[in-house]
Amino acid sequence: MANPFTLGVASGEPLPDGVVLWTRLAVNPLSADPARPGGMAPRAVEVSWQLAEDERFTQGLRQGTAQALPAWAHSVHVRVSGLKAGTDYFYRFRTSGGQSPVGRTRTADDPESARPVRFAVAGCQRYEHGFYTAYRHLAAERPDVVFHVGDYIYESRQSARVVRPLGPLPGETSRLHEYRQRYARYKTDPDLQAAHAAAPWVPTWDDHEVLDNYRGRGDGSAAFLRRRDAAYQAYYENLPIRVRPQGGNLQMYRRRTYGTVADFMVLDVRQHRDATTMLGAAQEQWLLSRLVTSPVRWRLLVQPLFFARRFVPGPAPNLRGDSWDGHQAQRSRILAANAPGLAVFSGDVHNAWAGELKADFLDPGSAVVGAEFVGTSITSMPPATDGPAVLAANPHLKFFDDHRGYLSCTVSREELRVAFRAVDFVDNPGAPVRTVAEFVTKGSGLTSENTSSK
């Protein structure tokens, strides 16, 4: 067999005692044959794995085998348990066709730990819009964990703006083999592979993993539900998550806790959504309960969509219905929980924003109950946005920037520090990275450092 590790390796879903190790075998990653995703023959392949505390694989070695099955596009998800908390590990895979690159992962901190946590937030990475240089810089930072806030792929036909072409499948994806091929196109990128190999990921999805602006069961048709089933399966096959789809659904909302410092509550704003709710009743109840009862210092919501009110001057609609402005009652219930140490990490809009969360966004004197940090895109083109006008119309919003990049963050029991990291161009590889803004909160308002709002 030719080299089957063309899509790299990844790890994810860190717990204090374990992680998930991932790879997907693909000798021909862009194969268009539905019966042979990744160019693989329709038979099971045995894959061996190793994990150790050092890159030479001599200390604390763990190993085993897994079956890469054609029904799951020869993806491998190994749940490793019994590990030390807050510890770096290294892992690799092997088949008869060769050996994978080595990845670094890290377990979550012990429940009693007060150690600061370093994490990154990224999202929106349309392939044809540019190079993933930002991921190369993120990988170099070697954070404890990376959170991805959606639009890992774009299901759309190839954009009119093409920095680099999608290749053999430029049309819209709607069937399982097409989603598989689209993921393969993205995952052949060496910078994306480097970011996955540098740290464990905890991803959530937005809309483009299925269909632009979809919600819940879409139009309810059998055709849409088949499409959603295919998209959810391909998502699982290509990301290091713990659970498989069942019955056309995939459990996505969950929490990842780091010691006594941070509760990361990862939300699903698509699967359970309809005209009246963003999260659905069960997810909202789960979230509100955790916000109130968590014994951890910081409650950090990780989700795709702009959470704070954002009035956009100009022609109607001035509030964007696909954001949380389209579900203001549910947002108000979340803010009314008055959870201490609340911060929201978002994406979607392809620009960077920072702001304060208010008990009542229409009352300037209303209490500040948290902060929001909206990460820009890795590559996806931004919409035309008059940042200064939006800031002027929304006093609770404090910062705007239109570069591509990611968030680099450190949270301790004393403070949450968020750096907006940016590259100046994505139409060529190799852009340097810089910090365009840094914000600090101790649990209420924001303090800016080295910041120049646009």
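The residues of the chain are indexed from 1 along the displayed sequence. None of the values given here were measured: they were computed from a predicted structure.
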Taking it one step at a time, do Thr260 and Glu112 satisfy side chain to side chain donor-acceptor pair (under 3.5 Å)? CA-CA 6 Å; Thr260 62; Glu112 301 303 316; over 6 Å; no
Between Tyr91 and Val102, is the side chain to side chain contact (heavy atoms under 4.5 Å, CB included) condition met? List the steps. CA-CA 6 Å; Tyr91 62 94; Val102 173; over 6 Å; no
Would Gln125 and Tyr186 count as a side chain to side chain contact (heavy atoms under 4.5 Å, CB included) if you check the C-alpha gap in whole Å, the side-chain angles of each, and the deciding distance to 0.1 Å? CA-CA 9 Å; Gln125 54 196 47; Tyr186 281 52; 4.3 Å; yes
Does Tyr179 form a ring-ring contact (aromatic ring centres under 6.0 Å, His included) with Tyr235? I'd like the steps, not just the answer. CA-CA 8 Å; Tyr179 283 110; Tyr235 186 89; over 10 Å; no
Test side chain to side chain contact (heavy atoms under 4.5 Å, CB included) on Ser346 and Phe306 and set out the steps. CA-CA 6 Å; Ser346 317; Phe306 212 113; 5.6 Å; no
Show your reasoning for whether salt bridge (charged side-chain N to carboxylate O under 4.0 Å, His left out) applies to Lys358 and Asp363. CA-CA 8 Å; Lys358 308 277 282 186; Asp363 177 6; over 6 Å; no
Assess the residue pair Phe400 and Asn351 against the criterion (side chain to side chain contact (heavy atoms under 4.5 Å, CB included)); give the C-alpha distance rounded to whole Å, side-chain angles, the decisive distance to 0.1 Å, and a yes or no. CA-CA 7 Å; Phe400 163 80; Asn351 284 311; 3.5 Å; yes
Give the C-alpha distance, both sets of side-chain angles, the deciding distance and a yes or no for side chain to side chain donor-acceptor pair (under 3.5 Å) between Tyr232 and Gln246. CA-CA 10 Å; Tyr232 284 10; Gln246 291 185 337; over 6 Å; no
Start with the C-alpha distance between Phe399 and Phe420, add both sets of side-chain angles, then the distance that settles ring-ring contact (aromatic ring centres under 6.0 Å, His included), and finish with yes or no. CA-CA 10 Å; Phe399 171 75; Phe420 288 79; 5.1 Å; yes
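Between the side chains of Gln303 and Trp324, a donor-acceptor pair is found at a separation under 3.5 Å. Side chain to side chain, Thr87 and Glu53 fail the donor-acceptor criterion of an N or O pair below 3.5 Å. Arg228 and Asn249 share a donor-acceptor pair across their side chains, judged by distance under 3.5 Å alone. Donor-acceptor pairing under 3.5 Å is lacking for the side chains of Glu438 and Ser448. No side-chain N or O of His148 forms a donor-acceptor pair with one of Thr204 less than 3.5 Å apart. For the residue pair Arg185 and Thr188, a side-chain donor N or O sits within less than 3.5 Å of a side-chain acceptor on the partner. A donor-acceptor pair shorter than 3.5 Å can be found between the side chains of Lys187 and Tyr152. Between the side chains of Arg255 and Thr257, a donor-acceptor pair is found at a separation under 3.5 Å.
Between Asp206 and Arg270, at least one side-chain nitrogen of the basic residue sits less than 4.0 Å from a carboxylate oxygen of the acidic one, meeting the salt-bridge criterion. Ion pairing between Glu237 and Arg180 holds under the 4.0 Å rule for side-chain N and carboxylate O. For the pair Arg299 and Asp263, the salt-bridge criterion is not met [side-chain N within less than 4.0 Å of a carboxylate O]. Checked for salt-bridge contact, Arg254 and Glu13 meet the test: a charged N lies under 4.0 Å from a carboxylate O. A salt bridge links Asp424 and Arg434; the closest N-O separation between the charged side-chain nitrogens and carboxylate oxygens is under 4.0 Å. With respect to Glu414 and Lys442, no salt bridge is recorded, no charged nitrogen being found less than 4.0 Å from a carboxylate O. A salt bridge links Asp109 to Arg115: at least one charged side-chain nitrogen sits closer than 4.0 Å to a carboxylate oxygen.
A donor-acceptor pair is defined here as one N or O able to donate and one able to accept, closer than 3.5 Å; such a pair exists between the side chain of His77 and the backbone of Tyr236. The backbone N or O of Cys124 sits less than 3.5 Å from a side-chain atom of Ser380, completing a donor-acceptor pair. Between the side chain of Asn318 and the main chain of Pro313, no donor-acceptor pair closer than 3.5 Å is present. No donor-acceptor pair under 3.5 Å is formed between the side chain of Ser81 and the backbone N or O of Gly18. With hydrogens and angles ignored, the 3.5 Å screen pairs a side-chain donor or acceptor of Arg118 with a backbone N or O of Arg142. No donor-acceptor distance shorter than 3.5 angstrom exists from the side chain of Arg273 to the backbone of Arg215, with no hydrogens or angles considered. Under the 3.5 Å distance criterion, the side-chain polar atoms of Glu178 are matched with a main-chain donor or acceptor of Arg175. Remark: side-chain polar atoms of Glu155 are not paired, donor with acceptor, to backbone N or O of Ser174 under 3.5 angstrom. Distance alone, capped at 3.5 Å, is enough to place a donor-acceptor pair between the Thr277 side chain and the Leu279 backbone. Checked by atom type and distance alone, the side chain of Asp151 pairs as donor or acceptor with a backbone atom of His208 at under 3.5 Å.
Of the residues Phe264, Trp298, Phe119, Phe147, the one that meets the ring pair (Phe, Tyr, Trp, His ring centres under 6.0 Å) test with Phe345 is Phe119. If you run side-chain contact (heavy atoms from CB on, under 4.5 Å) between Phe307 and each of Val269, Val374, Leu335, only Leu335 comes through. When each of Arg404, Arg421, His403 is tested with Thr376 by the rule side chain to side chain donor-acceptor pair (under 3.5 Å), just one qualifies, namely Arg404.
With contacts defined as side-chain heavy-atom distances shorter than 4.5 Å, the pair Leu291/Ile334 qualifies. Taking the side chain as every heavy atom from C-beta outward, His74 and Leu69 never approach each other to under 4.5 Å. Side chains of Val19 and Arg79 form no contact here, defined as non-hydrogen atoms less than 4.5 Å apart. Ser412 is not listed as a side-chain neighbour of Arg297, based on a closest heavy-atom distance of 4.5 Å or more. Side-chain contact between Val368 and Leu357: absent, with no pair of heavy atoms (C-beta onward) separated by less than 4.5 Å. Contact annotation: the side chain of His350 never approaches that of Met381 to less than 4.5 Å [non-hydrogen atoms, C-beta and beyond]. Side chains of Leu416 and Leu300 form a contact here, defined as non-hydrogen atoms less than 4.5 Å apart.
Residues Pro14 and Val145 come closest through the heavy atom pair CG-CG2, 4.1 Å.
Rounding to the nearest 0.5 Å gives a distance of 8.0 Å between CG of Asn394 and CZ of Phe311. Taken to the nearest 0.5 Å, the OG atom of Ser75 stands 10.5 Å off from the CG atom of Leu7. Distance CZ/Arg290 to CD/Gln285: 14.5 Å, rounded to 0.5 Å. Taken from OG1 in Thr107 to NZ in Lys84, the straight-line distance is 10.0 Å, to the nearest 0.5 Å. In this structure, Arg320 CZ and Arg309 CZ are separated by 12.0 Å, a value rounded to the nearest 0.5 Å. Thr441 contributes atom OG1, which lies 8.0 Å from atom CD of Glu356 (distance to the nearest 0.5 angstrom).
Within 6.0 Å of CZ in Arg157 there are 12 or fewer heavy atoms belonging to other residues, nucleotides or ligands.
With a 6.0 Å cutoff to the six-membered ring centre and a 45° limit on the axis angle, Arg227 does not count as a cation-pi contact of Phe224.
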